[in-house]
Participant: 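Could you have a look at this structure, given as structure tokens, before my questions?
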Amino acid sequence: MAKFVVLDHPLIQHKMTIIRNKEIGTKVFREMVNEIAMLMAYEVTRDMPLEDVEVETPITTTIKKKLAGKKLAVVPILRAGLGMVDGIVNMIPAARIGHIGMYRDEETLEPVEYFVKLPEDIDQREVLIVDPMLATGGSANMAIDALKKRGAKFIKLVVLVSAPEGVKAVQAAHPDVDIYTAALDEGLNENGYIVPGLGDAGDRLFGTK
Ligand SMILES: O=P(O)(O)OC[C@H]1O[C@H](OP(=O)(O)OP(=O)(O)O)[C@H](O)[C@@H]1O
Ligand SMILES: O=c1cc[nH]c(=O)[nH]1
Ligand SMILES: [Mg+2]
């Protein structure tokens, strides 16, 4: 079974509490989502392989480490996942960015895919799928399917708030995918929203409601 990690660093917990507050406006919400994503990137990339490199300091020549191995792709699930991209790319500027467009049908809660554009060499990259919300898990599972269909083999899912139902659904469908979350909440309400959650992440990021 792949990893399931709750990234509960005090800075992350503090910023999560700020964005859960319904009175917080779009500007602060956006800033906090990016900052949390940046802090998460630090832990999510902890297992990146390193290799030796010779470096000449002003004093001497020495062997030190540099990043090696697979390159990264960050793939937000539109729309809300876009809110996490800048934060992660700040930490990993060479990462390529793919996009998967998906919305959840309000009645059935089933995801509907409307856009996929990925780096051509996605099969050789480690992929970080980013989305603030993992609710039923339908969207994440469909995004992982879309990536695997196009050859992606090394996939991590990075979310801010997850419901136990969504975590179980992803683990059942994709036991090879590591899940990193900033918070594991209580569950889903009758409309499929995470409780206590933070509401509709896309609408809060883009001010559409
Ligand atoms: O786990 P699930 O039950 O599939 O729900 C989670 C999905 O719902 C939200 O997107 P939404 O459909 O609201 O689209 P948006 O990002 O355009 O607002 C969220 O950003 C996830 O993608
Ligand atoms: O709580 C939820 C569930 C799905 N999508 C959201 O944006 N929020
Ligand atoms: Mg939404």
Side-chain angles (χ1 to χ4, degrees), residues 2 4 6 15-26 28-30 32-34 36-37 40 73-88 97-118 127-149 152 155-175 177-209:
F4 173 71
V6 180
K15 290 173 197 292
M16 286 294 293
T17 301
I18 293 174
I19 60 172
R20 286 183 190 275
N21 182 346
K22 66 177 187 183
E23 304 299 337
I24 287 300
T26 301
V28 174
F29 191 88
R30 249 188 243 139
M32 289 296 129
V33 167
N34 262 317
I36 296 165
M40 292 181 83
V74 179
V75 179
I77 302 178
L78 310 184
R79 293 173 300 165
L82 288 173
M84 297 170 69
V85 171
D86 286 351
I88 294 190
I97 302 172
H99 295 86
I100 296 186
M102 221 166 256
Y103 69 86
R104 210 167 65 143
D105 182 289
E106 280 177 20
E107 298 294 319
T108 65
L109 301 184
E110 290 297 321
V112 181
E113 183 184 295
Y114 59 85
F115 185 74
V116 179
K117 181 76 183 173
L118 301 171
V127 179
L128 304 182
I129 300 178
V130 300
D131 190 331
M133 312 305 282
L134 176 60
T136 66
S139 304
N141 273 342
M142 196 181 255
I144 297 167
D145 286 338
L147 278 155
K148 286 187 174 174
K149 201 168 93 186
I155 301 174
K156 292 176 177 173
L157 176 65
V158 186
V159 301
L160 300 193
V161 188
S162 51
E165 294 89 330
V167 174
K168 277 198 203 102
V170 173
Q171 286 176 334
H174 298 288
V177 172
D178 292 338
I179 304 172
Y180 294 84
T181 187
L184 177 61
D185 275 14
E186 289 160 22
L188 300 174
N189 70 12
E190 61 283 6
N191 300 316
Y193 277 87
I194 300 176
V195 181
L198 48 76
D200 189 301
D203 286 335
R204 295 197 65 193
L205 273 166
F206 298 111
T208 37
K209 244 182 204 155

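Numbering of residues begins at 1 and proceeds along the displayed sequence. All of these numbers come straight from a predicted model, not from anything done at the bench. Counting starts at 1 for both ligands and their atoms, in listed order.
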Participant: Is there a polar contact between ligand 1 and Tyr114, counting only N or O atoms under 3.5 Å apart?
Facilitator: no

Participant: Tell me whether Ile194 has any N or O atom under 3.5 angstrom from an N or O of ligand 2.
Facilitator: yes

Participant: If only side-chain N and O atoms count, and only distance matters, is there a donor-acceptor pair under 3.5 Å linking Arg104 with Thr136?
Facilitator: no

Participant: Would one find an N or O of Asp131, backbone or side chain, under 3.5 Å from an N or O of ligand 1?
Facilitator: yes

Participant: For Ala135, counting its heavy atoms only, list the atoms of ligand 2 lying under 4.0 Å from any of them.
Facilitator: 3 (C), 4 (C)

Participant: Give me the nearest non-hydrogen protein atom to atom 4 (O) of ligand 1 as residue plus atom name, then the distance to 0.1 Å.
Facilitator: Ser139 OG, 2.6 Å

Participant: Quickly, which of Val116, Val130, Leu118, Leu128 forms a side-chain contact (heavy atoms from CB on, under 4.5 Å) with Val75? Name it, please.
Facilitator: Leu118

Participant: Quick check: does Gly137 get an N/O under 3.5 Å from an N/O on ligand 1?
Facilitator: yes

Participant: Hey, is there an N, O or S on Asp200 sitting under 2.8 Å from the Mg ion (ligand 3)?
Facilitator: yes

Participant: Can you find a non-hydrogen atom of Pro132 under 4.0 Å from ligand 2?
Facilitator: no

Participant: What protein heavy atom sits nearest atom 6 (C) of ligand 1, and how far off is it?
Facilitator: Met133 O, 3.6 Å

Participant: Look at atom OH of Tyr103 and say whether more than 12 heavy atoms of other residues, nucleotides or ligands are closer to it than 6.0 Å.
Facilitator: no

Participant: Under 3.5 Å between some N or O of ligand 1 and some N or O of Pro132?
Facilitator: no

Participant: Return yes when Arg104 approaches ligand 2 closer than 4.0 angstrom through a heavy atom, no otherwise.
Facilitator: yes

Participant: Please state which option from Ala80, Pro76, Gly138, Gly202 has its nearest heavy atom closest to atom 16 (O) of ligand 1.
Facilitator: Ala80

Participant: Just which atoms of ligand 2 are under 4.0 Å from any heavy atom in Gly192?
Facilitator: 3 (C)

Participant: Look at atom 5 (O) of ligand 1 and say which protein heavy atom is nearest, naming residue and atom and giving the distance to 0.1 Å.
Facilitator: Arg104 CD, 3.2 Å

Participant: Where on Leu78 is there a heavy atom closer than 4.0 Å to ligand 1, on the side chain, on the backbone, on both, or on neither?
Facilitator: backbone

Participant: Find all atoms of ligand 2 within a distance of less than 4.0 Å from any non-hydrogen atom belonging to Ala201, and give their numbers and elements.
Facilitator: 6 (C), 7 (O)

